[in-house]
Amino acid sequence: MLGVELIRSNPNAVIESLSRRGSSSETIELIHQVIDQDQTRREALTLQQTRQQSLNTESRSIAELMRDGKKEKAQMVIERQKTLKSEIRDLTQKIAAAEDSLTQLLLSIPNMVHPSVPDGRTESENVVVYSHGEQPTLEFEPLPHWEIAKLHSLIDFERGAKVAGAGFPFYIGAGAQLHRALIHFFIDSALPEYTEIRPPLFVNSDSAKGTGQLPDKEGQMYLVDDGFYPIPTAEVPLTNYYRDEILSESDLPIKLCAHSPCWRREAGSYGAHVRGLNRLHQFDKVEIVQLTHPNHSYEVLDQMRKHSEDLLQALELPYRCLLMCAGELGFNQTKQYDLEVWSAGQKRWLEVSSISNFTDYQARRMNIRFRPEQGGKPQLLHTLNGSALALPRVVAALLENNQNEDGSYELPSILTPYLHSY
RNA sequence: GGAGGGGUGGCAGAGUGGUCUAAUGCACUGGUCUUGAAAACCAGAGUACUGCAAGGUACCGAGGGUUCGAAUCCCUCCCCCUCCGCCA
């Protein structure tokens with residue numbers, strides 16, 4: 001969430017930034033409500049603290065009177081305190097109410113937009129900032145990946161649907177090994193820089209709140225009994241790792257990576273675009289996360305983007321990098337790149353990575369700070385994450401782009417060390 | 001799952017209703033002393049909010065309650081430890 005101080009001190013800058021997202025007048029109205037509630041809260045708080053001070057002083061004097069045996073005098077003070085106490089109670093309630101609505105308001109206000117983000121409302125206004133590789137020119141009508149997978153018994157969607165449901169495929173034999181090879185390749189590529197983490201695959205609601213899945217994207221997560229959420233991305237446990245902690249400036253940047261399955265409800269999806277591996281309820285992903293000093297987060301964003309691009313280049317997949325326009329930007333992000341690979345069989349682009357800077361928006365929710373080397377107050381750090389990469393669509397693109405007319409396919413040589421049994 | 005014991009500052013640890021405005025030790029920072037260091041001695045130091053400021057308020061796992069007054073008593077929840085049971 002945004003800081004109240006920012007909204008208080010510079011409401012116009014916030015409003016301007018939010019209008020770039022195409023935020024409605026209602027969102028703008030929220031800003032004014034924040035300012036109102038903030039003022040109510042501070043006025044009540046100042047008053048309450050003064051009253052509390054009187055009460056504390058008097059209570060101490062009661063202790064003295066009691067010690068000196070002046071019981072009657074003490075009793076008088078006790079009587080007098082009743083008004084003070086009820087006044088404090090009322091003020092405390094008023095403060096709590098203002099704080100509650102302040103939190104609610106702040107949770108429903110999206111992050112600021114970085115100046116380098118292009119204007120725009122729709123997908124078509126995202127800007128292609130980079131393209132790499134040639135879309136393969138095939139002399140025959142290429143198959144979609146689900147056909148190729150069926151031909152070679154790599155993936156069994158039908159039995160997945162029987163055993164779990166739609167969107168829960170089985171990978172079989174060489175298909176399972178390809179999947180595992182990609183995980184190993186992705187993790188190995190991250191290892192020189194990033195610390196490998198094996199995270200919990202369920203998180204509690206505090207963690208889901210911390211990274212912004214709650215309340216904004218509640219419908220996207222599964223919820224199991226006892227209040228656990230199966231993670232929709234490893235971003236959640238990784239970024240929450242340092243929740244409510246104060247780090248040393250010298251610890252930064254912190255770089256974490258993890259492979260994990262991801263579970264998403266994807267309610268309401270249908271049609272050809274969700275066929276095969278295009279959209280699943282369970283899929284695997286290697287995620288990279290960085291916690292950085294606020295001064296460096298945008299450089300780091302570009303480094304992380306390059307990391308993911310290098311993977312696609314090593315896999316020899318044609319791809320493009322999109323800079324998301326203001327209207328397409330996620331709720332929590334200030335700037336976001338998407339990487340899309342070309343899928344020759346479906347003749348369209350598939351998103352395989354999203355790399356984002358959240359600045360201090362998540363850090364404020366999670367209360368993750370660092371102590372400046374020069375001394376001074378702890379300061380919020382910046383959080384970033386990126387997919388490096390999401391598995392299923394990479395599998396789809398590998399199969400579709402490298403197919404031959406006879407239905408066979410080849411895999412890029414970078415994977416050779418990871419493939420041996422089939 | 002059963003029984004018991006716990007949760008206090010960076011760490012250890014005292015405190016069981018009123019100078020707790022949280023002792024003490026270790027670690028940390030500054031100073032004195034010293035050629036330099038160590039030791040010793042002196043001083044300082046948490047987080048958040050609030051206030052122009054001086055300062056104030058809150059925080060002893062979390063949330064409620066009792067009381068003029070709660071780290072301390074009561075209730076609910078969370079977490080940790082020990083033993084037993086179960087288990088890959």
Side-chain angles (χ1 to χ4, degrees), chain A residues 1-9 34-106 198-210 214 223-229 237 240-252 254 261 360 362-381:
Chain A
M1 55 195 188
L2 296 177
V4 193
E5 322 78 49
L6 174 67
I7 298 178
R8 191 195 296 154
S9 64
V34 166
I35 293 168
D36 280 354
Q37 290 297 326
D38 178 47
Q39 192 170 352
T40 307
R41 173 181 150 272
R42 279 154 68 218
E43 280 168 6
L45 186 60
T46 312
L47 195 56
Q48 185 239 31
Q49 289 184 349
T50 320
R51 296 287 180 271
Q52 188 67 49
Q53 188 182 3
S54 314
L55 189 74
N56 289 346
T57 313
E58 290 191 359
S59 290
R60 263 173 248 135
S61 79
I62 291 171
E64 275 176 48
L65 291 170
M66 293 291 217
R67 243 195 323 276
D68 299 346
K70 298 175 183 165
K71 281 202 170 161
E72 281 173 27
K73 225 171 172 181
Q75 200 53 47
M76 280 169 61
V77 181
I78 290 172
E79 280 303 312
R80 201 171 50 203
Q81 281 193 342
K82 284 187 178 159
T83 335
L84 208 48
K85 282 193 72 177
S86 81
E87 213 176 330
I88 291 172
R89 215 188 332 266
D90 291 349
L91 285 166
T92 307
Q93 256 168 30
K94 195 173 173 186
I95 294 163
E99 272 172 2
D100 276 0
S101 61
L102 208 48
T103 309
Q104 284 312 310
L105 289 166
L106 288 171
R198 189 75 197 154
L201 304 179
F202 288 10
V203 294
N204 57 29
S205 61
D206 284 342
S207 296
K209 240 174 253 165
L214 291 178
L223 171 62
V224 302
D225 281 350
D226 303 325
F228 292 116
Y229 294 90
N240 273 280
Y241 186 71
Y242 289 107
R243 175 152 51 85
D244 290 317
E245 295 190 31
I246 301 174
L247 309 170
S248 305
E249 182 172 347
S250 58
D251 293 338
L252 303 181
I254 286 168
D360 61 5
Q362 291 183 326
R364 184 172 290 104
R365 284 189 175 196
M366 282 182 288
N367 198 24
I368 308 182
R369 292 165 293 166
F370 68 94
R371 205 177 291 283
E373 214 116 81
Q374 322 272 307
K377 288 188 139 205
Q379 210 179 323
L380 291 167
L381 45 72

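Residue numbers begin at 1 in each chain, while the letters A, B, ... track the order of the sequences. Given the structure is predicted, the values throughout are model-derived calculations rather than measurements.
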Look through every strand shown and name the nucleotide pairing with [N] as Watson-Crick or G-U wobble, where both distances are under 3.5 Å.
{"N": "C77(B)", "answer": "G61(B)"}
{"N": "U66(B)", "answer": "none"}
{"N": "U16(B)", "answer": "none"}
{"N": "G9(B)", "answer": "none"}
{"N": "A43(B)", "answer": "U29(B)"}
{"N": "C83(B)", "answer": "G2(B)"}

Using atom [atom1] of each nucleotide, how far apart are [N] and [M] to the nearest Å?
{"N": "C60(B)", "M": "G10(B)", "atom1": "P", "value": "14 Å"}
{"N": "U21(B)", "M": "A27(B)", "atom1": "C1'", "value": "25 Å"}
{"N": "C42(B)", "M": "A53(B)", "atom1": "C1'", "value": "31 Å"}
{"N": "G7(B)", "M": "U47(B)", "atom1": "P", "value": "25 Å"}
{"N": "U72(B)", "M": "C83(B)", "atom1": "P", "value": "30 Å"}
{"N": "A71(B)", "M": "G18(B)", "atom1": "C1'", "value": "14 Å"}
{"N": "C11(B)", "M": "G46(B)", "atom1": "C1'", "value": "14 Å"}
{"N": "A22(B)", "M": "C59(B)", "atom1": "P", "value": "12 Å"}

Checking all strands, does [X] fall into the base, sugar-phosphate, or nothing category for heavy-atom contacts under 4.0 angstrom?
{"X": "R51(A)", "result": "nothing"}
{"X": "K82(A)", "result": "nothing"}
{"X": "R8(A)", "result": "sugar-phosphate"}

**Prompt:** Is there a donor-acceptor pair closer than 3.5 Å between any side-chain N or O of D360(A) and the backbone N or O of L380(A)?
**Reply:**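 It does not hold such a pair.
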**Request:** Determine yes or no for a side-chain-to-main-chain donor-acceptor pair under 3.5 angstrom, with R51(A) supplying the side chain and L84(A) the backbone.
**Result:**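 Side chain of R51(A) to backbone of L84(A): no pair is present.
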**Item:** Nearest-angstrom distance from the residue atom CD of Q81(A) to C1' of G18(B)
**Value:**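 Whole-Å distance recorded here is 13 Å.
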**Asked** Out of U57(B), C68(B), U50(B), which nucleotide sits closest to the side chain of S59(A)?
**Response**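 From the listed options, C68(B) comes nearest.
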**Message:** Closest approach to the side chain of Q49(A), judged atom by atom: which nucleotide of U47(B), C49(B), A58(B) is it?
**Reply:**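 Side chain of Q49(A) sits closest to C49(B).
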Smallest separation among heavy atoms of [X] and [Y], with atom names:
{"X": "A98(A)", "Y": "Q37(A)", "answer": "CA-OE1, 3.4 Å"}
{"X": "I368(A)", "Y": "Y242(A)", "answer": "CG1-O, 3.5 Å"}
{"X": "S61(A)", "Y": "V77(A)", "answer": "OG-CG1, 4.5 Å"}

